[in-house]
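As a basis for the values below, the full set of heavy atoms in this structure was taken, side chains included, without hydrogen atoms, waters or symmetry mates. The structure displayed is predicted, hence computed values, not measured ones. In what follows, residues are counted from 1 in the order of the sequence shown.
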Amino acid sequence: MLVSATEMLKKAKAGHYAVGQFNINNLEWTKAILQTAQELNSPVILGVSEGAGKYMCGYKTVVGMVNGMIDELNITVPVALHLDHGSYEHCYKCLEAGFSSIMFDGSHYPIDENVAKTTELVKAAHDKGVSIEAEVGAIGGEEDGVVGMGECADPNECKAIADLGVDFLAAGIGNIHGKYPANWQGLSFETLDAIQQLTGDLPLVLHGGTGIPADMIKKAISLGVAKINVNTECQLAFAAATRKYIEEGKDNQGKGYDPRKLLAPGFEAIKATVKEKMELFGSVGKA
Ligand code: 13P
């Protein structure tokens, strides 16, 4: 059964570890992430961007697939199905479809409008027992066509949004989606510290988990980060494993092309990536 992400993230913040949000794009990714979480006895959050939701035929299909897998793969660890960077309209679509968690990305609205829309969505989500994440300060890089600059959030704005009753908060601290540029300045721990001082026990979220050095990940967790999002690293691992398989000519066995065999190395590569991240984030054994 899907659960909201609230409890698992409260436990993570109190226990000084982070739960991974791994984005899903298809059946293979979803199965790989769920099986790894179960094998490592780790809680997990499946992230779905609006683009990935559309690709997978819509949110109802995603909910059906994930619920079916939880049942048929005997997944007993806590699993949250979370809308990643949701617009106002798509938050409602996911609430309707049966997601257990949503993110409202109102960071591009003026603060007053972000406050008004977040307040409304907090109520709508909590009425259904669904957790809600908000974002303050755009996160850099490009995701589904949304480009952010990697700015640092204003801690007072974070406090204002936290006070609206959101369950966890993503704050820009210089993090970027995708690969980090060579001249990246690193995470701003000063900003993170100031945000945590003002928001207390609220679990904080680090987007752009790909390519952040392990020591920075650990420091961010020590300063209140309880959820870390990873997408690009799984994409890179999946693509590299698939490419290698094809280049070695293993996909053509003279009997046609079996998509299950073609996608198997990528599936294993995702499992290995998720395992490595769960170990780094400290969520192994915490289900
Ligand atoms: P990466 O693609 O950089 O891992 O970031 C994922 C993310 O933050 C999804 O919201």
Side-chain angles (χ1 to χ4, degrees), residues 4-21 45 80 82-86 88 91 101-126 130-141 148-177 184-209 212 215-229 281-283:
S4 112
T6 304
E7 283 313 309
M8 65 170 89
L9 294 181
K10 272 190 192 162
K11 266 178 74 182
K13 174 128 186 180
H16 306 290
Y17 61 91
V19 177
Q21 172 193 307
I45 299 170
H82 178 77
L83 172 65
D84 189 27
H85 291 281
Y88 177 79
C91 281
S101 189
I102 55 173
M103 172 187 187
F104 173 52
D105 183 352
S107 61
H108 51 282
Y109 288 113
I111 184 76
D112 288 351
E113 201 172 349
N114 193 358
V115 165
K117 287 192 158 62
T118 304
T119 306
E120 187 193 314
L121 283 165
V122 164
K123 182 167 183 335
H126 288 173
V130 167
S131 50
I132 176 164
E133 171 180 345
E135 175 173 328
V136 181
I139 288 152
M149 303 286 280
E151 63 191 59
C152 281
D154 173 348
N156 290 313
E157 272 188 25
C158 291
K159 164 83 175 137
I161 297 287
D163 286 347
L164 303 176
V166 298
D167 301 294
F168 32 102
L169 184 75
I173 53 166
N175 40 327
I176 301 174
H177 290 120
W184 182 51
Q185 305 282 303
L187 297 175
S188 170
F189 294 113
E190 206 182 310
T191 309
L192 181 56
D193 194 30
I195 294 167
Q196 145 138 294
Q197 303 269 345
L198 289 176
T199 56
D201 290 338
L202 189 73
L204 301 175
V205 182
L206 186 63
H207 282 246
I212 300 179
D215 58 333
M216 285 196 208
I217 293 278
K218 289 200 167 130
K219 184 149 186 199
I221 293 172
S222 78
L223 290 170
V225 164
K227 170 177 180 277
I228 302 178
N229 295 2
F281 301 165
S283 70

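For the residue pair His207 / Asn175, no side-chain donor-acceptor distance below 3.5 Å is found, with atom types taken as modelled.
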Can you give each donor-acceptor pair under 3.5 Å made by side-chain atoms of residues 193-203, sequence neighbours left out, with the distance rounded to 0.1 Å?
residue	atom	partner	partner atom	Å
Gln196	OE1	Lys13	NZ	2.6
Gln196	NE2	Leu223	O	3.3
Thr199	OG1	Ile195	O	2.8

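Checked by atom type and distance alone, the side chain of Asn229 never pairs as donor or acceptor with a backbone atom of Gln21 at under 3.5 Å.
The shortest heavy-atom contact between Gly165 and Val122 is O-CG1, 3.8 Å. Closest of all the heavy-atom pairs between Ile228 and Gly209 is CG2-CA, 4.0 Å. Here the closest non-hydrogen pair linking Phe168 and Ser101 is CZ-OG, 3.6 Å. The two residues Ala12 and Ala18 come nearest to each other via the heavy atoms CB-CA, 4.5 Å. Shortest non-hydrogen contact noted between Phe281 and Ile221 is O-CD1, 3.8 Å. Scanning both residues, Gly86 and Leu83, for their nearest heavy atoms gives CA-CD2, 3.5 Å.
Here the side chains of Ile217 and Val225 are not in contact, with every heavy-atom distance at 4.5 Å or above. By the 4.5 Å heavy-atom criterion applied to side chains, Leu9 and Ile45 are counted as neighbours.
Remark: Leu121 CG to His126 NE2 distance equals 10.5 Å, nearest 0.5 Å. Asp105 CG to Asn114 CG: the interatomic distance, rounded to the nearest 0.5 Å, is 8.5 Å. The distance from the CG atom of Leu187 to the SG atom of Cys152 is 9.0 Å, given to the nearest 0.5 Å. To the nearest 0.5 Å, atoms CD1 (Ile102) and NE2 (His85) are separated by 14.0 Å. Note that NE2 of His82 and OG of Ser131 are 7.0 Å apart. Values are rounded to the nearest 0.5 Å.
Within a 6.0 Å radius of CD in Glu190, no more than 12 heavy atoms belonging to other residues, nucleotides or ligands are found. More than 12 non-hydrogen atoms from other residues, nucleotides or ligands lie less than 6.0 angstrom from NZ of Lys117.
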Audit row: Ile111, Ile161, side-chain contact (heavy atoms from CB on, under 4.5 Å) steps and yes/no: CA-CA 9 Å; Ile111 184 76; Ile161 297 287; 4.2 Å; yes
side-chain contact (heavy atoms from CB on, under 4.5 Å) evaluation trace for Leu206 with Leu192: CA-CA 10 Å; Leu206 186 63; Leu192 181 56; over 6 Å; no
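Residue pairs meeting the salt bridge (charged side-chain N to carboxylate O under 4.0 Å, His left out) criterion with at least one member in residues 153-171, sequence neighbours excluded, are Lys159-Asp163.
Scored by the ring-ring contact (aromatic ring centres under 6.0 Å, His included) test, Tyr109 finds no partners at all (sequence neighbours excluded).
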